[in-house]
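In what follows, a single structure is set out as structure tokens and then discussed.
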Amino acid sequence: MPILAATVPLVLGRRVDGIGWTVATVVGIAHLGLAGTLAWGVLDGGPVVHELGGFPAPIGIVLVADELACLLALLVSAVATGVLAYTRRGGPRGWSFYSVYLLLLAGLSGMTLTGDLFNLFVFLEITGIATYALIAARPAPSAALAALKYLVVGTVGATFYLIGVGLLFAATGTLNMADVAASLAGGGSAGLGVLYGEPLVVAGFGFVVAGLGTKIALFPLHTWQPDAYAEAPDGVSTLVAALVGTTAAYALLRVVVDVFTVDFFAAVPAARWALIAIGSVSVVAGSALAAIQRRPKRLLAYSSVSHFGLVVAAVGVAVGPGGGYYALLGAIVHLFGHAVMKGGLFAGVGVLATAADARHLEAYAELGRRHPVPAAAVSVLGLGLVGVPPSVGFVGKWFIAVGALEAGVPVVAGLVVLMTLLTLAYVARVIERLYVVPRPAIAGTLASDGGRPTSRGMVAVVVAAAVVTVGLGLLGGALEAALAPYLEGVVAG
Amino acid sequence: MIEALEARFAFLVVTVLLGVGLYMAVASPSLVKKLIGVNLFQTAVFLFFIALAYVDGGSAPILTNPAPHASPLPQVIVLTAIVVGVAVTALGLALIIRIYHQYGSLRTDTVEEVRLRE
């Protein structure tokens, strides 16, 4: 309890303007330390609940830290602190950037820890506003345009989520996640009997999924995402690609699994198939669009669409009647792995772009020889994205495939294989450029003048991400052990 | 049918506002009007929450008022959501000012033309 109480003023106190990198680093490391202590406490002694302002649960707002939430908080603070090592030389500078950065960190931490549906909306919007501002940090005019596009689409998405929350509130009369779940099941503070089949509840589910799906950038709602990722400064796209989509997907997972629960999907099986269908379409469309991109940042952005699609499809599998232990574990592991790998890849692409002025795949020729360390790290991360065994990408996909077979949805297992092949198709293009394709004679003059110096910190971030990718892959069993109490609680069936 | 509409006219208004706002945000070629559309869309949701809170014959939720009170929780929510909406609008307008300075236009089609020419 005191640990969490200490997190709260820190999270709220972040709105104060900093004096740049130093403050951000101190706060980042302090935040990481707190998240670590919190994780240690939760993994040791079970979930912690903190009531904000001392109001008891159904009335006041609570922060809930269970195994999943604190692992995600750990991921958020670790990645955010790592990004600081990159932005010191490479990213946007100045106190305004760092104060928005801290605001983003506050929003993300809030999203991971909140136990209240409306509070989630508020943190979603804090995250959103900070992200729009960060994307516009690049002085190019197209960055402002991309940020505005994201702002319009993202706000409409968040408002859709709010409509869903309103419908759920109309049905149950409460906003606390645990209480809504209990009320839907017939108990809780509503006590209106089982509400699963009610049109209000089903419509609420639809609005919530549509709203969060926009924030995650699932296929038909993804149009803002490639522009936003590609136009943002390199340091920002690292941060945004690694964390913003991930926490939105985590919020969806939390609402689907913890608020609607497995019983809702037993009563309304169409809702489950809708999740699986949206996810699957996202996987195929995202991969196909990624394979035809010529600029590495857009390629990675479309690849995110497909990977989040897989996570959502796996969540859909997990809430089915056939027992979803492994599918949910796979979804969570893949969420983590994807965050680390995609963050590392965006940082790596940023390093290559800075060092060799290479913003197109054509300019990547022979970079493997001239910048061996970042190129090797990018290759390792790319292979991790494909799912080559010792990496975390493999562990996540393996669990999802096993879970899909176990739950009797072999389509999703097939999807995993298809996705692996498509991912290989676009990752192989990058690696081929880096190592095999010789530099064309004409382009040589164009790119050889290239580049500003990169700092050790920038390269170190990319290498660290590659090491973590492989390390987490080897530690897959430990992750499962940490998450087991949470998983058994929600998908016992 | 008409009675049902009379009893639920608030929700009818909300639905119409939602549609108008969303259509404006999607279809209007002017960036400022897009943002106004988003605002309209948000306002519709605020009204939806307020309509939810209403209790037949209820008074404003102040302790000294007579007994049936309107539910205070949605009103608190709307207050928070309005603040969020204002922040989003301010940021959006700031971005629009920057776009106007750099492209010299507020229309999406003109901006697109300028981009292609560059």
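Hydrogens, waters and symmetry mates are skipped; everything else that's a heavy atom, side chains included, is used.
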**Asked** Quick one: of B:Pro74, B:Ala25, B:Ala87, who has the most non-hydrogen atom pairs under 4.5 Å with chain A?
**Response**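 Ranked by contacts with chain A, first place is B:Pro74.
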**Request:** Calculate, to the nearest 0.5 Å, the distance between atoms CZ and CD1 belonging to A:Phe121 and B:Ile77 respectively.
**Result:** 10.0 Å
With sequence neighbours excluded, tell me which residues meet side-chain contact (heavy atoms from CB on, under 4.5 Å) with [X].
X        : value
B:Leu47  : B:Val14, B:Leu17
A:Val165 : A:Leu117, A:Tyr161, A:Leu175
A:Val202 : A:Phe264, A:Val268

**Message:** Quick one, A:Phe160 with B:Phe41, criterion ring pair (Phe, Tyr, Trp, His ring centres under 6.0 Å). Give me CA distance, side-chain angles, the key distance, then yes/no.
**Reply:** CA-CA 10 Å; A:Phe160 263 104; B:Phe41 186 70; 5.6 Å; yes
Could you pull out the closest heavy-atom pair between [X] and [Y], with the gap in Å?
X        : Y        : answer
A:Ile163 : B:Leu18  : CD1-CD2, 4.0 Å
A:Leu148 : B:Gly92  : CD1-O, 3.8 Å
B:Leu52  : A:Gly166 : CD1-O, 3.5 Å
B:Leu91  : A:Ala133 : CD2-N, 4.1 Å
A:Ala136 : B:Arg98  : O-NH1, 2.6 Å

**Contact origin within B:Val45 toward chain A - heavy atom pairs under 4.5 Å** =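 Side chain of B:Val45 only, per the 4.5 Å heavy-atom cut-off to chain A.
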**Engaged part of B:Ala94 at the chain A interface, taking heavy atoms whose separation is under 4.5 Å** = neither
**Prompt:** Taking non-hydrogen atoms and a cut-off under 4.5 angstrom, which of residues 27-38 of chain B neighbour chain A?
**Reply:**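 Answer by number: B:Leu31, B:Leu35, B:Val38.
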**Prompt:** Which atoms of A:Leu167 come close to chain B, meaning under 4.5 Å heavy atom to heavy atom: side chain ones, backbone ones, both, or neither?
**Reply:** both
**Fill in**
Under 4.5 Å to a heavy atom of chain B? For A:Leu162 that would be both
**Request:** Check the pair B:Thr80 / A:Phe118 against side chain to side chain contact (heavy atoms under 4.5 Å, CB included), numbers first and verdict last.
**Result:** CA-CA 10 Å; B:Thr80 319; A:Phe118 180 70; 3.7 Å; yes
**Request:** Mind ranking A:Ser142, A:Ala158, A:Gly154 by heavy-atom pairs under 4.5 Å with chain B and telling me who comes out on top?
**Result:** A:Ser142
